[in-house]
There are 2 protein chains.
Amino acid sequence: MANHLSKPSHTTERKGSASGSEAIDDYLKAIFQLGGPPEDLVSSTEIAIHLSITPASVTNMLQKLAAQEPPLVIYKKHHGVKLSRSGKKRALEIVRHHRLIETFLHQVLDYPWDEVHQEAERLEHFISERFEERIAAKLGHPEFDPHGHAIPAMDGSLPHQQPRSLSQLRPGQSAKVSSVSDKDPEMLRYLAAQGIRPGVRLTLSEQLPFKGAYQVRIGTSTKSALLSHSLAEAISVAVK
Amino acid sequence: MANHLSKPSHTTERKGSASGSEAIDDYLKAIFQLGGPPEDLVSSTEIAIHLSITPASVTNMLQKLAAQEPPLVIYKKHHGVKLSRSGKKRALEIVRHHRLIETFLHQVLDYPWDEVHQEAERLEHFISERFEERIAAKLGHPEFDPHGHAIPAMDGSLPHQQPRSLSQLRPGQSAKVSSVSDKDPEMLRYLAAQGIRPGVRLTLSEQLPFKGAYQVRIGTSTKSALLSHSLAEAISVAVK
DNA sequence: AGTAATATTTAGTCATGACTAATGTTTTGG
DNA sequence: CCAAAACATTAGTCATGACTAAATATTACT
């Protein structure tokens, strides 16, 4: 039996069709999600908190990302990073994977909407282009995931909605829920129980029972719900 | 902003529901697949070739697997390894994942049968118990994957068919294809084109055009195909 | 049985991507 | 405007899981 193996070149080969390392993807996605207006810097600490790692680890990685060819981020020492063109492209691929997977889990595998995030978070790194294409086709190329977030197109284009939070509404004002944060399952279960989901119209009632709480009327019904400030911040709305 | 993060304990946490490391899974699966009769040893070199890594790396890992609590393998220095009870349990979980995913890709996402293996190979490590349960339900708890391999039950039970290869048939003998190897896509495309798949009855023709080639009649038709020795070895049959 | 060929193991290295502790830079507030 | 606090970076460590080269054990053959 031959002892020399054909090609143990594990340095060169990339496994499967998923092209990058899991860690790099997570950084790029974090930077994308934390960076609000297109061109401002995200700090190491923000990233560290988002990823539950130490700031030192972040600095270390940011330098590597900036040193890639082509660079994935623009890194201003002591001031933060933003995504380069290629970094943004790659981040959007991951976001597309994530949101397609969430939609797929919900529509095809009947996952409740509070459970899709966790599973998608893991799978998004490992699906091939083929898989992505197949589920997109199966779902009829959906534009939004179960939480109302837009799914980037294959070319990375994304309808840039300006995100206005429910907490910014004036009393009496009415708006339609465009999306809700997918991060906290418990919150999602609460919202589902109240009938609050993307597409539903909410009206902020006049009276605020106490500071930091929001009472909203739901749809055309007389039903209403009481929302904490953090809950209100997790709901994005489109006025009119 | 607090600089102390809640829990950067990355040593303790396991990510998602997938409990083990990718590498360990691959070793256990390799040992499972290479170990023919339940209780014989698999050599480092066999494993190395199967995984396309060097034998030294294998030895290194086998020692770690044997040192786990509970041990995942029984390691006889210089002679090989076999799976322990827990090692076999875990290997069967991965095999179950793999075969369920293959079936799912084929049935639900319309993958051609020669492409399912590669994708499943990557995904098998990262799906949760929930995902496994959902696709099994969606598929009606299938017993076989697209290549005819039995899918282990959740408790790890597996109908131990005795594998007889087509190459072991006598001329004139007839048998039903039970499974075909899923490793080589090109081979699978060839077999599909010839109409050879699990469930099809084959009859080994009397005359062998030259040593190491097999001519078989396919089903009840008059069609026949010529198979190389390695092809014949990749087809498992059940004689009547 | 003894030696060559084959297979396996040891020892030491490398890359990745975390970590801590110590140090340096910015920002803030008196 | 300068010191303390907050934040970021450096330097060095660790675990994982590959690798190569060298040493050792097993097997096979004369």
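In what follows, every chain begins at residue 1, and chains take the letters A, B, ... in the order their sequences are listed. Computed from a prediction, not measured in an experiment: that's the story for all the values here. The analysis underlying the following values was restricted to heavy atoms, covering all of them including side chains, and did not include hydrogens, waters or symmetry mates.
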TODO: Just compare dG17(D), dT9(C), dT9(D) and give me whichever is closest to any side-chain atom of S21(B).
DONE: dG17(D)
Open item on the list: Closest approach to the side chain of K64(A), judged atom by atom: which nucleotide of dC19(D), dT16(C), dG17(D) is it?
Closed with: dT16(C)
Open item on the list: Nearest to the S44(A) side chain among dA18(D), dT9(D), dT10(C), which nucleotide is it?
Closed with: dT9(D)
Task: Test: R134(B) cationic atom under 6.0 Å from Y111(A) six-membered ring centre, within 45° of axis - done: no
- [ ] Quickly work out the L65(B) CG to dA18(D) C1' distance and round it to whole Å.
- [x] 15 Å
Open item on the list: So, OP1 or OP2 of dA18(C): does either fall under 4.0 Å of a side-chain N or O from Y27(A)?
Closed with: yes
Open item on the list: How many whole angstroms separate atom CD of E22(B) from atom P of dA15(D)?
Closed with: 21 Å
Task: Nucleotide dT25(C), atom P - distance to NE2 of H78(A) in whole Å - done: 6 Å
Task: Of the listed nucleotides dA18(D), dT9(C), dA18(C), the one nearest the side chain of A23(A) - done: dA18(C)
Open item on the list: Measuring to OP1 and OP2 of dG17(C), would you say a side-chain N or O of S57(A) lies under 4.0 angstrom away?
Closed with: no
Task: Q68(B), CD: over 12 other non-hydrogen atoms inside 6.0 angstrom - done: yes
Open item on the list: If the cut-off is 4.0 Å, is T59(A) near the phosphate of dT9(D), judged by side-chain N/O to OP1 or OP2?
Closed with: yes
Task: Nucleotide dG17(D), atom C1' - distance to CD of Q68(B) in whole Å - done: 13 Å
Task: Protein-nucleotide distance (N60(A), atom CG; dC14(D), atom C1'), rounded to Å - done: 14 Å
Task: From dT10(D), dA21(D), dG17(C), nucleotide with atom closest to A56(A) side chain - done: dT10(D)
TODO: Report the distance from atom CD of Q63(B) to atom P of dA18(D), rounded to the nearest whole Å.
DONE: 14 Å
Open item on the list: Tell me every residue that passes salt bridge (Lys or Arg N to Asp or Glu O under 4.0 Å) with E124(B), counting only those two or more places apart in sequence or in another chain.
Closed with: K29(B)
Would you mind writing out the side-chain donor-acceptor pairs for residues 147-155 of chain A within the sub-3.5 Å range, not counting sequence neighbours?
unit_1  : atom_1 : unit_2  : atom_2 : d
H147(A) : ND1    : E102(A) : OE1    : 3.0
H147(A) : NE2    : W113(A) : O      : 3.0
H149(A) : NE2    : V180(A) : O      : 3.1
D155(A) : OD1    : S157(A) : N      : 2.8
D155(A) : OD1    : S157(A) : OG     : 2.9

TODO: Find the distance L51(A):CG to dT16(C):P and express it as a whole number of Å.
DONE: 19 Å
Task: Between P of dC7(D) and CD1 of I47(A), the distance in whole Å - done: 14 Å
Open item on the list: Check for me whether the distance between the ring centres of H125(B) and H97(B) falls short of 6.0 Å.
Closed with: no
Task: Side-chain N,O (T54(A)) to OP1/OP2 (dC19(C)) below 4.0 Å - done: yes
Task: Contact under 4.0 Å: K77(B) side-chain N or O vs dT10(C) OP1/OP2 - done: yes
Task: Closest to the H79(A) side chain, choosing from dT26(C), dT26(D), dG17(C) - done: dT26(C)
